[in-house]
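Order of appearance sets the numbers: ligands from 1, and atoms from 1 within every ligand.
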Amino acid sequence: MILHPPAPDLPNAWAGLSFAQLIKDVDDRLQAVGIEEAELDSRQLLSAVFGDDVWQKIAEPKAHPAPGQLPKLAVLVQRRLGREPLSHILGSKGFWSLDLEVSADVLTPRADTEALIESALHLTHDQQTGTVLDLGTGSGAVLLAFLSERPGWTGTGIDISNHALAMATRNAAASDLENRTKFSSSDWADLPDANYDLILSNPPYIAQNELTELEPEVRLFEPTIALNGGPDGLDAYRFLSKNVSRWLRQDGHFAFEIGHRQASAVTHLLAAQGQFTKLTGSKDLAGRDRVVCGQMATKTQGKGKH
Ligand code: GLN
């Protein structure tokens, strides 16, 4: 169900308010529609309009916004009241040490996914140079964060969405990583065999019938293709467990983000291939299972192509 909050005449309601009163009003309105991080969001929305020094203005009881700026804030607040993600409204999201452009064409990078970067760094700690493949790169977040920490490495990001690839390409340039990245459009199934040192992926892993339970920001505004993991949420892992060996060198590693209840199912799918060693999991900051990694043992020719 799409939420249609009434559209109050916000600039009028805000007339004469100080910055401190204004942020309180925005916070109250966001809370009233059930937004959890209302205070944080209000701060960011005000900063987007009034600049980063809005803090000083809020602390100064006599400071008032120029009335001409209120309509701009009203547009942003109205979008947030309609549960549009803050990242879409601001057009960017911080991930790892990067500031990435995002939109409705890509999954907004989550803090949870930093666990995937930690795992990838752990797997490659003593390897000076190498090549990495990121399957379903979206905004490029995973690939770019990894490469930002591994200056001797180069990487390829694959996505089926050309809009996502255009954004990932811009993000690589903005992160000064364009010389070490390549992006290409492909269905994973059509990728030619290769010998990457490392394969990373944050694939879609929400079970189809759970998509309707996601919060409105995700359900209504984020790309379903990046979320829908099929009937039990494990379709992508079935594909990856059968095919990842096609693109990995012998002894190469992989790390996949998983849903927090999927560690044992994903580990079993991978173990059933008989090609991998060191299958291990790791957790996100909230202590939930978030990553499964492993290593390619022996490269068996002709196996796992279907
Ligand atoms: N963790 C994401 C969410 O819950 C899902 C990401 C994914 O399917 N890869 O919104």
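Selection from Pro203, Ala236, Gly138, Ala207 by nearest heavy atom to atom 7 (C) of ligand 1 gives Pro203.
Distances shorter than 4.0 angstrom do not occur between any heavy atom of Asp112 and any atom of ligand 1. Under a 4.0 Å heavy-atom criterion, Ala226 is in contact with ligand 1.
With a 4.0 Å heavy-atom cut-off, ligand 1 is reached by no atom of Glu222.
In terms of polar-atom proximity, defined here as any N/O pair under 3.5 Å, Arg290 makes no such contact with ligand 1. Residue contacts with ligand 1: Tyr205 is placed with a nitrogen or oxygen under 3.5 Å of a nitrogen or oxygen of the ligand (distance criterion only).
Of the charged side-chain nitrogens involved, none lies within less than 4.0 Å of a carboxylate oxygen, so that Asp289 and Arg261 do not count as a salt-bridged pair.
No side-chain donor-acceptor contact under 3.5 Å links His260 to the backbone of Ile258. A donor-acceptor pair under 3.5 Å links the side-chain atoms of Ser201 to the main chain of Leu135, judged by distance alone.
For atom 4 (O) of ligand 1, the closest non-hydrogen atom on the protein side is Ile206 CD1, 3.9 Å. At the top of the distance list for atom 2 (C) of ligand 1, counting protein heavy atoms only, stands Arg110 NE, 3.7 Å.
Put simply, the residue from Asp41, Leu76, Thr108 that forms a side-chain contact (heavy atoms from CB on, under 4.5 Å) with Leu86 is Asp41.
Ring centers of Trp96 and Phe146: at least 6.0 Å apart, outside the cut-off.
For Gln31 against Ala38, the heavy-atom pair with the smallest separation is CG-CB, 3.5 Å.
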